[in-house]
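To start, the structure itself, in structure tokens.
Chain letters run A, B, ... following the sequence lines, proteins first, then strands; residues in each count from 1.
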Amino acid sequence: MRLSRYFLPTLKETPSEAQIVSHRLMLRAGLIRQHAAGIYTWLPLGFAVLRKIEQIVREEQNRAGAQELLMPTIQSADLWRESGRYDDYGKEMLRITDRHDRDLLYGPTAEEVITDVFRNAVRSYKDLPKTLYHIQWKFRDEVRPRFGIMRGREFLMKDAYSFDLDSDAARHSYNQMFVAYLRTFARLGLKAIPLRAETGPIGGDLSHEFIVLASTGESEVHCHRALLDKTIPDDVDYDGDLQPLVNDWTGLYAAADDMHDVTKAASLGGSLVTARGIEVGHIFHFGTKYSKPMGATVTGPDGEDVTVAMGSYGIGVSRLVGAIIEASHDDNGIIWPESVAPFHVGLLNLKAGDTATDETCARLYQALGPDRVLYDDRDERAGAKFAAMDLIGLPWQVIVGPKGVAKGMVELKNRATGAREEVSVDSALARLAV
RNA sequence: CGGGGCGUAGCUCAGCCUGGUAGAGCGCUAGCUUUGGGAGCUAGAAGCCGGAGGUUCGAAUCCUCUCGCCCCGACCA
């Protein structure tokens, strides 16, 4: 993409409403614009990142055996009356009335809808297990939206729902998601740790939240140091026994403030780490909380009806954009992990209009591929280009100036480390190849 | 939902206390000069001073109401 044609409204100054780093940088780098309190427009660059994250989440869900579908944003209130949540959910639920005076709502979550789909379609235990998910916009009418996209009212979320014959089987579905989450966050370039969580209003008896570590994070977490160094295998057998792997990740002490056990933590001595983090995922096993009132049953092996055991598994996709920035930035701007970067390379033509630099840039642009490169071909000063490119945080920069070009050289800069090297054009191409 | 604050040019803000008809910096446009870390000079364009009502000869400024946004707290992917 040529920057001269791209819609990338960057800001030199920080809009006054933005308090935290990710919000400021998202506004400044031209990722989002606020539409109303807690509601945002995603500009092309931000949208590109959102799509990348979404795709990684999708791939890992599929890999774990979950199947994607798409449920509506607007839901019927009747279903919520069935589960008993229509009155319980409170003002966070945005309620709507249509022209026939029917009660609708903008979905804050989708347990009711998926349970309805399931009960109408599945009859036999032989159809189990099933894990279904979608990636859809949700709305929760937060009293006080803040921190930009991190706590908006409208947000993009992946939510998965598992259906099993009994709670032992459900535990396997739960473990599949647990492992999928570890893999997902690792691929996003994040250090995430699972914490045992309160089950909250959704209910149930098994729940973990996943916290991404970032020094500017909202909540405080305490955990064993060894948890930070754990890695997740690349070739997980999702059909096999996942319990050992889950145990490995949950065996060490880890707790947020609300579940923090000071005595237990103190016994860790020097291995205790206190850090800050951002919640980006939450998984629950809640048994028959929805299947029972809504009559989601299957015929079991013995011919008797069985109420299915369910779990639900959320990832805040749009929140992750902010979380990644909180975890990865410096004074000059964003530093995108390669896996989610909107472009792989920023190509800076330091003297647009100069035949030699133009030609070198054109060659690099074509060879690297216009989809992977953001080419700053604007008639701007070098300083402005450096600042803009650092701000938007692409992993690599290729800096092409007349002095280097005369020697057949360009400069390759790594955004994360700041390291620059002068290399030949061919060498730069080789280094940046897919 | 309790407490506080702010709405003036695209952005950051001054002006308001003490009413007299709109300002700065950045950005934008044009020209010249500059050209490796958000340039310099010159000349421009750009504002229903959030909205409504009121007080007054006169309101960005004072009063009332209203809408919007932000911050602290309680609550959440």
Suppose we call two aromatic rings close when their centres sit under 6.0 Å apart. Are A/Trp80 and A/Tyr89 close by that rule?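 That pair passes the under 6.0 Å test.
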Aromatic ring centroids of A/His208 and A/Phe210 under 6.0 Å? no
Which whole number of Å gives the distance between the [atom1] atom of [N] and that of [M]?
| N | M | atom1 | result |
| --- | --- | --- | --- |
| B/G5 | B/U64 | P | 14 Å |
| B/A43 | B/A24 | P | 13 Å |
| B/C57 | B/C67 | P | 31 Å |
| B/G38 | B/A45 | P | 30 Å |
| B/G54 | B/G27 | C1' | 39 Å |
| B/C72 | B/C13 | C1' | 24 Å |

For [X] and [N], what is the distance between atoms [atom1] and [atom2] respectively, to the nearest whole Å?
| X | N | atom1 | atom2 | value |
| --- | --- | --- | --- | --- |
| A/Met150 | B/C71 | CE | P | 13 Å |
| A/Arg144 | B/C69 | CZ | P | 14 Å |
| A/Arg24 | B/U12 | CZ | C1' | 13 Å |

Pairs involving residues 65-83 of chain A, ordered by first then second residue, that meet salt bridge (charged side-chain N to carboxylate O under 4.0 Å, His left out) (sequence neighbours left out):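 Non-adjacent pairs meeting salt bridge (charged side-chain N to carboxylate O under 4.0 Å, His left out): A/Arg58-A/Glu68, A/Asp78-A/Arg81, A/Arg81-A/Asp103, A/Glu82-A/Arg119.
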Show me the pairs that pass salt bridge (charged side-chain N to carboxylate O under 4.0 Å, His left out) and involve residues 341-364 of chain A, at least two apart or across chains. A/Arg363-A/Asp426
For A/Ala416, side-chain contact (heavy atoms from CB on, under 4.5 Å) partners two or more places apart: A/Ile335, A/Asn414
Looking at residues at least two apart in the chain, or sitting in another chain, which of them share a side-chain contact (heavy atoms from CB on, under 4.5 Å) with A/Ala169? A/Asp164, A/Asp166
What side-chain hydrogen bond (donor to acceptor under 3.5 Å, both in side chains) pairs are there with at least one residue in residues 332-342 of chain A, not counting sequence neighbours?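 Qualifying pairs: A/Glu338-A/Trp396.
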What are the atom names and distances for every N/O pair under 3.5 Å that joins the protein to nucleotides 6-9 of chain B?
none

Salt bridge check: are A/Asp159 and A/Lys138 linked by an N-O gap of less than 4.0 Å?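 Counted as a salt bridge, because a side-chain N and a carboxylate O are separated by less than 4.0 Å.
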Ring pair (Phe, Tyr, Trp, His ring centres under 6.0 Å) contacts touching residues 362-384 of chain A (sequence neighbours left out): A/Tyr365-A/Tyr375
If you look at every strand shown and take non-hydrogen atoms under 4.0 Å, does [X] touch a base, only sugar-phosphate, or nothing?
| X | result |
| --- | --- |
| A/Gly322 | nothing |
| A/Lys91 | sugar-phosphate |
| A/Thr14 | sugar-phosphate |
| A/Gly314 | nothing |
| A/Val317 | nothing |

Non-neighbouring partners of A/Phe163 that pass ring-ring contact (aromatic ring centres under 6.0 Å, His included), sequence neighbours left out: A/Phe118
Donor-acceptor pair under 3.5 Å, A/Glu13 side chain vs B/G25 base: yes
Per the atom types in the model, does the base of B/C72 pair as donor or acceptor with the side chain of A/Arg146 at under 3.5 Å? no
Is there a Watson-Crick or G-U wobble partner for B/A52 with both distances under 3.5 Å, and if so, which one is it? B/U64
Using Watson-Crick or G-U wobble geometry with both distances under 3.5 Å, which nucleotide pairs with B/U35?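 The base-pairing partner of B/U35, which may sit in any strand shown, does not exist here.
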Under the salt bridge (Lys or Arg N to Asp or Glu O under 4.0 Å) test, residues paired with A/Glu142 that sit two or more places apart: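 With neighbours one apart ignored, the set is A/Arg151.
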Taking side chain to side chain donor-acceptor pair (under 3.5 Å) as the definition, give me every residue that meets it alongside A/Arg63, ordered by chain and number, with sequence neighbours left out. A/Glu60
Identify, residue by residue, the members of residues 373-392 of chain A with a heavy atom below 4.0 Å from RNA chain B, and return them in order of residue number, or none. A/Arg381, A/Ala382, A/Gly383, A/Ala384, A/Phe386, A/Ala387, A/Asp390, A/Leu391
Which residues within residues 31-41 of chain A lie with some heavy atom under 4.0 Å of an atom in RNA chain B? A/Gln34, A/Ala36, A/Ala37
Side-chain contact test, heavy atoms from C-beta onward, threshold under 4.5 Å: evaluate it for A/Tyr161 versus A/Thr131 and give yes or no. no
